[in-house]
Amino acid sequence: MASFRYRAIRDSGEEVSGVIEGVDRSLAISRLSDQGLHPIDIEEDSQTAGSAPVLSLPGRRIAGPEITAFTRQLAWLLQAGSTLNRALDILGRETFSKPLSRLLADAQSDIRKGRSFHDALASTAAFPPFYLSMVEVGEATGTLAQSLDRLATAREREQKVRGKVISALIYPVMLVVLSLGVVIFLMLAVVPGIKDMITSSGAPVPETARAVIAVSDWLTANGLTVAAALAFGLLLLALLWTRTAAPRLLREAAQRLPILGKVIIKSEVTQFCRVLGALSAAGMTLPASLKLIAATTPNRRLRAAADDMEVALRRGEDFIAPLEKSGILPPLLARMIKVGAETGNLTPSILRVTDILEDELDRLTDRTVALLGPIIILGLSVFVGFIITSLMGAVISINDLAI
């Protein structure tokens, strides 16, 4: 039996940690749920994980859009008056992929044994903590259909925002790849054809042309090795993606980029407000919501702000001050949330701020895509122009020598 180290949240919002045993991760999560704990992070103890293959791929992964579609359709069926068991049976047999259908069948079996829907979903290890918390609150308050509807809406909007951000990233990445392809083609196909004519003429070769020829020679001699090393590195990174800090490091590096960094940070702030608003609308206490967000948000500044907000709440202080101090949320929007808290309209205020942030993100994404294209094309033109100018200078020196 394996041991798992976990961090979890009690209903009161208190964070606890420890070690629990289980045959697998799903059973460990189930046992935590039975104890009234909401897992936010659970990993197999390194002392018992030694036998696990290093390059093993995670199992039972369900695509995010498929989970969203399932949530939306389940909410519709429950709102139409269907029982939970009947709704799961319909969705599991007729609608989704085999992995999700098997997962729903397992959850349905657990429900028939007397377990709650939240515990049944937690035992599958396929749903994020935010999702499970929304379901648990909905079950506890008798508003499961409404909670699922809000959850589906939040996930749909999140995926829409993520899609726009990815689109904004794909376009410049494709241009960069195309630029590298053009430069490599020049170095491997064009420069070698001119090199012999330049070097055998006896004319002095300009330093810039020497540098271009040196790079071309190196790529010609080591091109296959570089390509193989790059392919191996990408494959290794893909296999270790969920087992290393690579996603976090890559995300933090991307946030420092001059233009794209603003888009990434804005999308994470929008997601922070969206999750907070959804949890608040579902009836989850604010301290518990902030604990959950602080444990799952990828942005360190937001994580620190959520922690400080939760501490301020427990001390009876102004919990919006840490968010204003972080500088990650525009002051006007932070004040809107503050006014909402003071007037008892916190949830509508957070949701309104989320709408504003999404509109700003849409405009920022459009401007970024419109700006990056010409910048990359200009950079490519300058670089290719440098290569051609260097080679033409050497060719002209040959003609001058002949004259």
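Residue numbers start at 1 and run along the sequence shown. All of these numbers come straight from a predicted model, not from anything done at the bench.
With values rounded to the nearest 0.5 angstrom, T83 atom OG1 is found 5.5 Å from N85 atom CG. Note that CG of L84 and CZ of R86 are 12.5 Å apart. Values are rounded to the nearest 0.5 Å. We find the OG1-CD1 distance between T220 and I213 to be 11.5 Å, quoted to the nearest 0.5 Å. Between L357 atom CG and C273 atom SG the span is 5.0 Å, to the nearest 0.5 Å. Taken to the nearest 0.5 Å, the OH atom of Y131 stands 2.5 Å off from the OG1 atom of T71. Note that the CD atom of Q271 and the CG atom of L361 stand 11.0 Å from one another [nearest 0.5 Å].
When all heavy atoms of R155 and P128 are compared, the closest pair comes out as NH1-CG, 4.1 Å. Heavy-atom minimum distance, L121 versus A107: CD2-CB, 4.5 Å. A145 and L78 make their closest contact through CB-CB, 3.8 Å (heavy atoms, listed as atom of the first residue, atom of the second, distance). The shortest non-hydrogen separation linking E139 to H118 is OE1-N, 3.0 Å. In plain terms, the two heavy atoms of L132 and A122 that are nearest each other are CD2-N, 3.8 Å. The two residues A120 and S123 make their nearest non-hydrogen contact at O-OG, 2.7 Å.
Distance alone, capped at 3.5 Å, is enough to place a donor-acceptor pair between the S267 side chain and the I264 backbone. Between the S216 side chain and the V212 main chain, no donor and acceptor come within less than 3.5 Å of each other. Under the 3.5 Å distance criterion, the side-chain polar atoms of S179 are matched with a main-chain donor or acceptor of L175. With S280 contributing its side chain and L276 its backbone, the two residues share no donor-acceptor pair below 3.5 Å.
Of the options E156, Q73, Q159, a side chain to side chain donor-acceptor pair (under 3.5 Å) to T68 is made by Q159 and by none of the others.
Side-chain contact between F117 and L74: present, with at least one pair of heavy atoms (C-beta onward) separated by less than 4.5 Å. By the 4.5 Å heavy-atom criterion applied to side chains, L88 and F70 are counted as neighbours. Considering only heavy atoms from C-beta on, T143 comes within 4.5 Å of S147 through its side chain. Counting only heavy atoms from C-beta outward, the side chains of V226 and W218 approach each other to under 4.5 Å. Looking only at side-chain heavy atoms (C-beta outward), R274 and E358 come within less than 4.5 Å of each other. Side-chain contact between Q108 and L104: absent, with no pair of heavy atoms (C-beta onward) separated by less than 4.5 Å. Here the side chains of I387 and M187 are in contact, with some heavy-atom distance below 4.5 Å. Under the 4.5 Å side-chain criterion, counting only non-hydrogen atoms from C-beta, T153 is in contact with R72.
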* T225/N222 under side chain to side chain donor-acceptor pair (under 3.5 Å): CA gap, chis, key distance, verdict -> CA-CA 5 Å; T225 303; N222 302 282; 5.2 Å; no
* To do: Determine, step by step, whether R363 and D366 satisfy the salt bridge (Lys or Arg N to Asp or Glu O under 4.0 Å) criterion, reporting the C-alpha distance in whole Å, the side-chain angles of both residues, the deciding distance to 0.1 Å, and the verdict.
  => CA-CA 5 Å; R363 292 192 294 270; D366 292 339; over 6 Å; no
* side chain to side chain contact (heavy atoms under 4.5 Å, CB included) between L188 and L219: does it pass, once the steps are laid out? -> CA-CA 7 Å; L188 296 180; L219 284 176; 3.8 Å; yes
* Going through the checks in order, is the side chain to side chain contact (heavy atoms under 4.5 Å, CB included) test met by R367 and L364? -> CA-CA 5 Å; R367 288 198 302 267; L364 179 61; 3.8 Å; yes
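Around atom CG of L224, no more than 12 heavy atoms belonging to other residues, nucleotides or ligands sit under 6.0 Å away.
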